[in-house]
Amino acid sequence: DNKKIKLTLDARLQEVAIKAVKSQVKEWRAQKGVAIVMNVHNGELLALASTPTYNPNKYWEFSPERYKEWSIEELIEPGSTFKPINLALALQEGVIATDGTVYDSGSVEVGGYSLRNWNKKGNGLLDYPSVLQVSSNVAMVNIMQKLTPSRYWELLNQLGVSTRLETDLPGAIAGHLKSKEIFTNTPIEPAVASFGQGFSLTPIKLAQLHALLANGGHLVKPHITKGFLQNEKLSNNNSVDKKQILSSQVTNIVLKWMETVVQKGSGKGVRINGYRIGGKTGTAEKIHDDLKKLCSFVAILPIEQPQFVVVVAIDEPKKAYAYGSTVAVPVAKEIIESLIVIEQIPPYSAEKDLISSKFKKR
């Protein structure tokens with residue numbers, strides 16, 4: 001109808017993202033990889049890059065497996081990248097306080113199972129930023145046990161973990177969360193969910209949930225269609241769900257905790273001088289084969305005024321020392337460096353922050 005489609009994708013950033021992901025998949029001899037960059041306020045996707053892919057002009061030369069867009073059509077266990085979201089839920093429910101602590105003995109017994117940290121060591125008494133910095137599974141179990149299993153399940157369900165994501169990308173599938181009956185009557189289920197295992201979602205859903213932390217508590221609709229151009233006018237049907245799922249006070253606290261992961265924890269590899277970035281690494285072992293991993297990293301920037309979320313996931317890297325910090329973080333840094341230039345994101349200014357704070361008080 002004489003209309004032209006206008007996409008949200010930035011061709012420059014898309015090229016950087018696909019090259020970075022391809023290079024890392026090859027370097028680590030991994031199965032596949034994906035990188036997503038999304039505007040946290042309106043859900044616009046600036047980059048959606050996955051590999052391996054195929055040439056649609058010669059599709060018959062490729063396996064049908066490659067026709068899938070992994071970021072929306074396959075499920076992953078988010079692992080430790082879900083820990084900030086769980087902490088936000090605990091804060092929202094009032095079962096933990098901002099300045100509280102939790103003890104990590106190195107192991108915890110739940111329902112006949114022994115759960116340990118990734119390095120099989122204890123970390124002692126931890127504040128909540130430190131829980132994210134050292135990525136303590138045991139601390140997360142102890143924290144989320146303060147919620148009843150029934151309420152915990154309801155909160156995960158409210159986030160839409162097992163609901164098909166609303167998006168204009170074709171083929172999006174729902175995540176998988178155990179039934180409320182199984183979740184509430186099997187103690188191991190909420191325990192492993194506390195560190196992002198035992199349930200699954202798509203990478204793009206993970207991006208949406210971290211955007212929720214970044215934008216003050218709202219769910220946005222991830223999309224690549226900006227609208228249709230007709231007579232130089234742009235029509236846009238994409239909307240933002242204004243339902244407040246988390247309070248902005250809670251999300252602001254968790255963002256500051258995530259910033260410490262980049263300052264002092266496993267996300268140090270993404271630090272860029274002059275910029276405040278929050279993040280969380282994840283290394284999820286696959287069910288029935290703990291030698292197979294999914295390495296991931298989520299970044300939010302700039303922390304003082306969040307605009308973008310970056311998600312990187314690399315599936316089944318084959319080399320030794322494969323973790324979110326070693327496999328996914330380098331890809332995210334390469335993408336973020338280009339994002340800063342393309343979007344002209346200014347470096348952090350403490351002076352500007354102080355002026356803004358004084359103005360708000362007035």
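Only heavy atoms go into these numbers, but all of them, side chains included; no hydrogens, no water, no symmetry mates. Because the structure is predicted, anything quoted here is derived from the model rather than measured.
With a 6.0 Å radius and a threshold of 12 heavy atoms from other residues, nucleotides or ligands, Q158 has its CD atom above the threshold. Taking a 6.0 Å sphere around CD of E61, one finds it holds more than 12 heavy atoms contributed by other residues, nucleotides or ligands. With a 6.0 Å radius and a threshold of 12 heavy atoms from other residues, nucleotides or ligands, K264 has its NZ atom at or below the threshold. Heavy-atom contacts from other residues, nucleotides or ligands closer than 6.0 Å to OH of Y67 number more than 12.
The shortest heavy-atom contact between P190 and T186 is CD-O, 3.2 Å. Summarising the geometry of K205 relative to L159, their closest heavy-atom pair is NZ-O, 2.9 Å, with the distance given to 0.1 Å. In terms of heavy-atom proximity, V220 sits nearest to V40 at CG1-O, 3.5 Å. Contact between I96 and I143 at its shortest, heavy atoms only, is CG2-CG2, 3.8 Å. Of all heavy-atom pairs between A49 and Q14, the closest is CA-NE2, 3.9 Å. For the pair G196 and P78, the tightest heavy-atom approach, listed with the atom from each and the gap, is O-CD, 3.3 Å.
Ring planes of F82 and F199: perpendicular class, angle over 60° (limits at 30 and 60°).
When side chains are defined from C-beta on, E44 counts as touching H223, because their heavy atoms get closer than 4.5 Å. In this structure, the side chains of L301 and L339 come closer than 4.5 Å at one or more pairs of heavy atoms. In this structure, Q208 and L219 have side chains that are in contact, with non-hydrogen atoms separated by less than 4.5 Å. Counting only heavy atoms from C-beta outward, the side chains of F308 and I336 never approach each other to under 4.5 Å. Side-chain contact between Q92 and S247: present, with at least one pair of heavy atoms (C-beta onward) separated by less than 4.5 Å. Proximity of D99 to D127: side-chain heavy atoms (C-beta onward) are nowhere separated by under 4.5 Å. The shortest distance between side-chain heavy atoms of K22 and K26 does not fall below 4.5 Å. Side chains of V341 and R12 form no contact here, defined as non-hydrogen atoms less than 4.5 Å apart.
Between the side chain of T81 and the main chain of F297, no donor-acceptor pair closer than 3.5 Å is present. Between the side chain of N86 and the backbone N or O of A193 there is at least one donor-acceptor pair closer than 3.5 Å. At least one donor-acceptor pair closer than 3.5 Å links the side chain of S194 to the backbone N or O of A191. Distance alone, capped at 3.5 Å, places no donor-acceptor pair between the K6 side chain and the K4 backbone. Between the side chain of N117 and the backbone N or O of N119 there is no donor-acceptor pair closer than 3.5 Å. Formation of a donor-acceptor pair under 3.5 Å by the Y348 side chain with backbone atoms of P302 is not found in this model. Remark: the backbone N or O of I85 is not paired with any side-chain donor or acceptor of H210 at under 3.5 angstrom. Between the side chain of E73 and the backbone N or O of E69, at least one donor-acceptor pair lies under 3.5 Å. Q244 places a side-chain N or O within 3.5 Å of a backbone atom of G216 that can act as its donor or acceptor partner. A donor-acceptor contact shorter than 3.5 Å links the side chain of T167 to the backbone of P222.
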**Message:** Show, in sequence, the C-alpha distance, side-chain angles and deciding distance for I76 and W70, and conclude whether the side chain to side chain contact (heavy atoms under 4.5 Å, CB included) test is met.
**Reply:** CA-CA 10 Å; I76 62 169; W70 181 39; 3.9 Å; yes
**Prompt:** Hey, mind stepping through S71 and T202 against side chain to side chain contact (heavy atoms under 4.5 Å, CB included) and telling me if it holds?
**Reply:** CA-CA 6 Å; S71 63; T202 58; over 6 Å; no
**Item:** Worked check of side chain to side chain contact (heavy atoms under 4.5 Å, CB included) between S296 and V311
**Value:** CA-CA 7 Å; S296 55; V311 173; over 6 Å; no
**Message:** For Q24 and V327: C-alpha separation, side-chain torsions, deciding distance, then whether side chain to side chain contact (heavy atoms under 4.5 Å, CB included) applies.
**Reply:** CA-CA 7 Å; Q24 201 72 331; V327 181; 4.3 Å; yes
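Expressed to the nearest 0.5 Å, how far OG of S50 lies from CD1 of I18 amounts to 6.0 Å. Remark: L45 CG to L13 CG distance equals 11.0 Å, nearest 0.5 Å. R271 contributes atom CZ, which lies 9.0 Å from atom NZ of K333 (distance to the nearest 0.5 angstrom). For the atom pair I277 CD1 and I303 CD1, the distance stands at 8.5 Å (nearest 0.5 Å). Note that CD1 of I345 and CD of Q307 are 5.5 Å apart. Values are rounded to the nearest 0.5 Å. Rounded to the nearest 0.5 Å, atoms CG (N142) and CE (M144) are 12.0 Å apart.
Side-chain contact annotation: S135 with K280, donor-acceptor N/O pair under 3.5 Å present. Judged purely by distance below 3.5 Å, without hydrogens or angles, the side chains of S80 and K83 pair a donor atom with an acceptor atom. If you check the side chains of E109 and S114, you find a donor sitting under 3.5 Å from an acceptor.
Other members of the hydrophobic cluster containing L125, listed by chain and number, are Y103; membership follows side-chain contacts under 4.5 Å among ILVMFWY residues, whether direct or relayed. Clustering of Ile, Leu, Val, Met, Phe, Trp and Tyr by side-chain heavy atoms under 4.5 Å joins V138 with V108, V110, Y113, L115, V141, I188, V192, F195.
Linking Ile, Leu, Val, Met, Phe, Trp and Tyr whenever their side-chain heavy atoms come within less than 4.5 Å leaves L169 and L46 in two separate clusters. With hydrophobic clusters built from ILVMFWY side chains whose heavy atoms lie under 4.5 angstrom apart, W28 shares a cluster with V312. Residues M38 and V298 share a hydrophobic cluster, clusters being chains of Ile/Leu/Val/Met/Phe/Trp/Tyr side chains in contact below 4.5 Å. In terms of hydrophobic clustering, with Ile, Leu, Val, Met, Phe, Trp and Tyr side chains grouped at heavy-atom distances under 4.5 Å, V310 and L294 are assigned to different clusters. Residues L255 and Y128 are members of one and the same hydrophobic cluster, defined by side-chain heavy-atom contacts under 4.5 angstrom among Ile, Leu, Val, Met, Phe, Trp and Tyr.
For D315, the salt bridge (charged side-chain N to carboxylate O under 4.0 Å, His left out) partners at least two apart in sequence or on another chain are K32, K286.
We find that K319 and E27 are joined by a salt bridge, their nearest charged nitrogen and carboxylate oxygen being less than 4.0 Å apart. A salt bridge links R151 with E154: the distance from a Lys NZ or Arg NE/NH1/NH2 to an Asp or Glu carboxylate oxygen falls below 4.0 Å.
With Y54 as the aromatic partner, R66 does not meet the cation-pi criteria of under 6.0 angstrom to the ring centre and within 45 degrees of the ring axis.
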